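Just so you know, these numbers use all the heavy atoms, side chains as well, and skip hydrogens, waters and symmetry mates. These figures come from a predicted structure and were not determined experimentally. Lettering follows sequence order; numbering is per chain, from 1.
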Amino acid sequence: MKISEVLELCNARLVCGDDRTGNEVLSAFSSDLMSDVLMLPAQKILLITGLCNIQTIRTAEMADIRCILFVRNKKASEEMKQLARENGLVIMETPFSLFRASGLLFARGLSPVY
Amino acid sequence: MVIEQQYFVKGGDFSRAGIASSETRKLLKQLGISPEKIRNIVIALYEAEMNIVAHAREGTIRISITRDSILMLLEDQGPGIPDIEQAMKEGFSTASSKVREMGFGAGMGLNNMKRNTDLLEITSTVGTGTTVRMINYF
């Protein structure tokens with residue numbers, strides 16, 4: 001699924017990565033537990049999370065996750081955006097809940113990791 | 001070829017946690033190490049770095065990179081681990097609520113370090129600190 005489609009389906013706002021909305025994500029993982037995120041296999045994963053702090057960005061950096069969707073209107077701080085830009089991450093923010101965003105994307109064919 | 005780096009890690013400083021791992025990642029990329037190997041190395045290192053921030057007063061991380069391997073030596077001054085075998089069990093955790101708020105402390109870190117390294121050795125003295133030695137081959 002293209003990142004532009006994720007934005008549209010989740011009524012999301014693009015915060016970082018304007019030049020990457022044409023990129024694809026192959027699957028998605030919804031979690032607030034970064035320990036779980038660090039155990040994911042390497043592939044083009046969209047991370048959907050309500051955990052919005054600098055370690056969310058760090059975790060994505062280490063796990064080679066290029067795309068994050070923050071739910072429930074969680075706002076990335078300037079420090080987070082800066083780090084995301086340095087690492088070429090796409091950051092989006094949606095007003096929807098974790099459940100709703102995940103459900104919408106799943107229904108449109110985005111695969112779960114497990 | 002031997003490249004050596006050293007980082008100081010302050011306990012409780014969550015905003016700076018991960019900097020040593022991030023710098024190491026950049027260095028390995030510059031050296032042309034494969035993305036899959038880099039991913040394993042930095043995930044293990046990040047878990048170990050987070051453990052210093054989460055549990056210890058302070059610590060140092062020493063990185064030595066040779067032509068065919070990376071050695072990661074993490075030494076902290078902190079409470080130590082009374083029972084390493086128990087700490088290795090998935091789900092066992094002594095993390096504070098602050099650590100859990102950051103999305104960690106689920107009792108999975110040590111296992112994940114083992115999964116991602118070719119060699120993991122942990123030695124610890126209660127009341128003094130913990131030493132973690134990890135090696136990955138390229």
In terms of heavy-atom contacts, A:E61 and B:S22 come closest through OE2-OG, 2.6 Å
Under 4.5 Å to a heavy atom of chain A? For B:F104 that would be both
| message | Apply side chain to side chain contact (heavy atoms under 4.5 Å, CB included) to residues B:I19 and A:R58 and explain how you reach the verdict. | response | CA-CA 9 Å; B:I19 286 180; A:R58 282 279 180 225; 3.4 Å; yes
When the 4.5 angstrom heavy-atom criterion is applied to A:T59 and chain B, the contacting part is both
When the 4.5 angstrom heavy-atom criterion is applied to A:D32 and chain B, the contacting part is backbone
Bottom line for A:L38: the part with an atom under 4.5 Å from chain B's heavy atoms is both
For residues 73-112 of chain A against chain B, heavy atoms under 4.5 Å, the residues are A:E79, A:N87
Q: State yes or no: do A:L26 and A:L9 share one hydrophobic cluster built from I, L, V, M, F, W and Y residues joined by side-chain heavy-atom distances below 4.5 Å, directly or via other members?
A: no
Counting heavy-atom pairs under 4.5 Å with chain A, the top scorer among B:P35, B:A17, B:S21 is B:A17
Turns out that what part of B:E36 lies under 4.5 Å from chain A's heavy atoms comes down to side chain
Between A:M62 and B:G18, the two heavy atoms sitting closest are CE-O, 3.6 Å
Quiz prompt | Cluster link B:I38 to B:I70, ILVMFWY, side chain under 4.5 Å | solution = yes
Closest non-hydrogen atoms of A:L51 and B:E101, given as atom of the first, atom of the second and distance, are CD1-O, 3.1 Å
Under 4.5 Å to a heavy atom of chain B? For A:L33 that would be both
Report task. Verify side chain to side chain contact (heavy atoms under 4.5 Å, CB included) between B:M50 and A:Q55, making sure each step is shown before the conclusion. Result -> CA-CA 10 Å; B:M50 280 304 288; A:Q55 294 310 327; 4.0 Å; yes
* To do: Could you state whether A:I57 and A:V25 fall into the same hydrophobic cluster, counting links through intermediate Ile, Leu, Val, Met, Phe, Trp or Tyr residues with side-chain heavy atoms under 4.5 angstrom apart?
  => no
Exercise for the section: Indicate, with yes or no, if A:L46 and A:V15 share a hydrophobic cluster defined by side-chain heavy-atom contacts under 4.5 Å among Ile, Leu, Val, Met, Phe, Trp and Tyr. Expected result: no
Could you go through B:R115 and A:M39, starting from their C-alpha distance and side-chain angles, then the distance that decides it, and tell me whether this counts as side chain to side chain contact (heavy atoms under 4.5 Å, CB included)? CA-CA 9 Å; B:R115 261 171 32 125; A:M39 294 185 86; 3.8 Å; yes
